[in-house]
Amino acid sequence: RSFAQSLLRFLGFIFWGIAAVQAFGGVLVILMLKNYRYLFQESYLSLPGWLALATALILLPTGVLAVSISVKCSRNKQGSLMYLLLLLFCLEISSAALARFYCIRTASQLESAMGYLVYQHNWTCSQDPGSSTVDAMQRKLQCCGVRNYTDWLKASASWHLPACVPKSCCKEKHSHCRGDLDHLEQLSLEGCLKKLEDRLCFAMLYVFWCCIVLSILELLAGVSNGILMRHQPFHDLHIL
């Protein structure tokens, strides 16, 4: 019983720390999808992030109850803690499953959406639209094209334009770069698809592993609370 009390107190403090970690993961996913919303048609892709934020909020009273029960046992508090642990476990399993599924599913969707933006991009070698979503993405990620800069060569050929790339493919340190293929060292040759996939999967897998670790800790908290409940029977029902 003393070990269960100590473990429950320790887990209560851990829950407060993990609440901040979980909230960070949820905000990371939501902001990632908001910044690149023009590439994602489905709004429900941010659901793992919102579930992570809900989990973080519920973790705060859960930690308070765990610490309180470890100091003074109360049947009402123990029952409330078990209910919150069950609710959290359902939220985390759902969030982990969705995060893992979306990480795999969005790869093909990203490639088709980015390919459409590249081939529909209205530009010439001497122009730099600046406000275009493609240009904004290439500047932010320091990339060029979908898989690499050659995607722009195919696009320019379909528009019967000279072979070149937009100025947004230029590296930041080369201020005089005009997208000329004679100076490839001035261009970001890596494609945007791989970089964006890595960022999205990092955010999703961050939420996934947070949920898995937290689920294990909650099982330990549930077992510890169950041990304490065994040592405190329902005295008011003994008459039965």
Side-chain angles (χ1 to χ4, degrees), residues 7-69 80-114 133 136-137 139-143 192-225:
L7 180 60
L8 198 58
R9 185 184 303 112
F10 173 74
L11 290 174
F13 290 116
I14 290 295
F15 286 159
W16 292 339
I18 293 182
V21 176
Q22 193 82 342
F24 173 77
V27 171
L28 187 66
V29 171
I30 293 170
L31 290 181
M32 172 74 65
L33 294 171
K34 182 180 179 181
N35 291 336
Y36 300 100
R37 57 185 176 275
Y38 47 85
L39 294 174
F40 302 99
Q41 302 299 325
E42 296 88 351
S43 58
Y44 60 79
L45 290 176
S46 60
L47 187 57
W50 291 110
L51 289 177
L53 286 181
T55 300
L57 290 176
I58 300 175
L59 275 173
L60 297 177
T62 304
V64 173
L65 280 175
V67 174
S68 177
I69 291 170
S80 300
L81 179 61
M82 281 297 193
Y83 176 79
L84 288 178
L85 289 175
L86 180 61
L87 178 61
L88 282 170
F89 187 78
C90 294
L91 284 174
E92 285 147 18
I93 294 302
S94 301
S95 182
L98 289 174
R100 185 61 180 169
F101 174 71
Y102 290 162
C103 180
I104 300 171
R105 183 175 181 270
T106 52
S108 58
Q109 180 183 346
L110 269 178
E111 185 173 7
S112 60
M114 292 174 69
T133 54
M137 177 179 63
R139 285 194 182 93
K140 188 171 185 178
L141 297 178
Q142 287 294 292
C143 58
C192 297
L193 178 63
K194 180 66 167 59
K195 286 193 172 184
L196 193 54
E197 276 183 357
D198 290 344
R199 288 195 176 193
L200 180 64
C201 282
F202 172 80
M204 291 293 186
L205 290 178
Y206 179 94
V207 171
F208 173 80
W209 286 112
C210 281
C211 291
I212 296 299
V213 172
L214 189 54
S215 298
I216 296 173
L217 295 178
E218 283 167 6
L219 288 175
L220 292 176
V223 171
S224 300
N225 193 33

Using modelled atom types and a 3.5 Å cut-off, is there a donor and acceptor pairing between side-chain atoms of [X] and backbone atoms of [Y]?
{"X": "N225", "Y": "A221", "value": "no"}
{"X": "T62", "Y": "I58", "value": "yes"}
{"X": "K195", "Y": "Q142", "value": "yes"}

Exercise. Using the side-chain contact (heavy atoms from CB on, under 4.5 Å) rule, pick out the option among I30, V29, L33, L98 that qualifies with L47.
Key: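 That would be L98.
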Which pair of heavy atoms, one from [X] and one from [Y], lies closest together, and at what distance?
{"X": "C90", "Y": "S94", "value": "O-OG, 2.9 Å"}
{"X": "A96", "Y": "C211", "value": "CB-CB, 3.8 Å"}
{"X": "L196", "Y": "M137", "value": "CD2-SD, 4.5 Å"}
{"X": "L45", "Y": "M204", "value": "O-CE, 3.7 Å"}
{"X": "W16", "Y": "V64", "value": "NE1-N, 3.5 Å"}
{"X": "S95", "Y": "V207", "value": "OG-CG1, 3.4 Å"}

[atom1]/[X] to [atom2]/[Y] distance, rounded to the nearest 0.5 angstrom?
{"X": "L205", "Y": "I212", "atom1": "CG", "atom2": "CD1", "result": "11.0 Å"}
{"X": "L28", "Y": "F24", "atom1": "CG", "atom2": "CZ", "result": "5.0 Å"}
{"X": "L51", "Y": "S46", "atom1": "CG", "atom2": "OG", "result": "9.5 Å"}
{"X": "L85", "Y": "L220", "atom1": "CG", "atom2": "CG", "result": "10.5 Å"}
{"X": "I14", "Y": "L59", "atom1": "CD1", "atom2": "CG", "result": "11.5 Å"}
{"X": "S224", "Y": "F10", "atom1": "OG", "atom2": "CZ", "result": "11.5 Å"}

Side-chain heavy atoms of [X] within contact of [Y], under 4.5 Å:
{"X": "L141", "Y": "K194", "value": "no"}
{"X": "L214", "Y": "V21", "value": "no"}
{"X": "I69", "Y": "R9", "value": "no"}
{"X": "V67", "Y": "F15", "value": "no"}

Quiz item: Parallel under 30°, tilted from 30 to 60°, perpendicular over 60°: which one fits the rings of F202 and Y206?
Solution: tilted
Quiz item: Do E92 and T55 get their side chains close enough for a donor-acceptor pair, meaning under 3.5 Å?
Solution: no
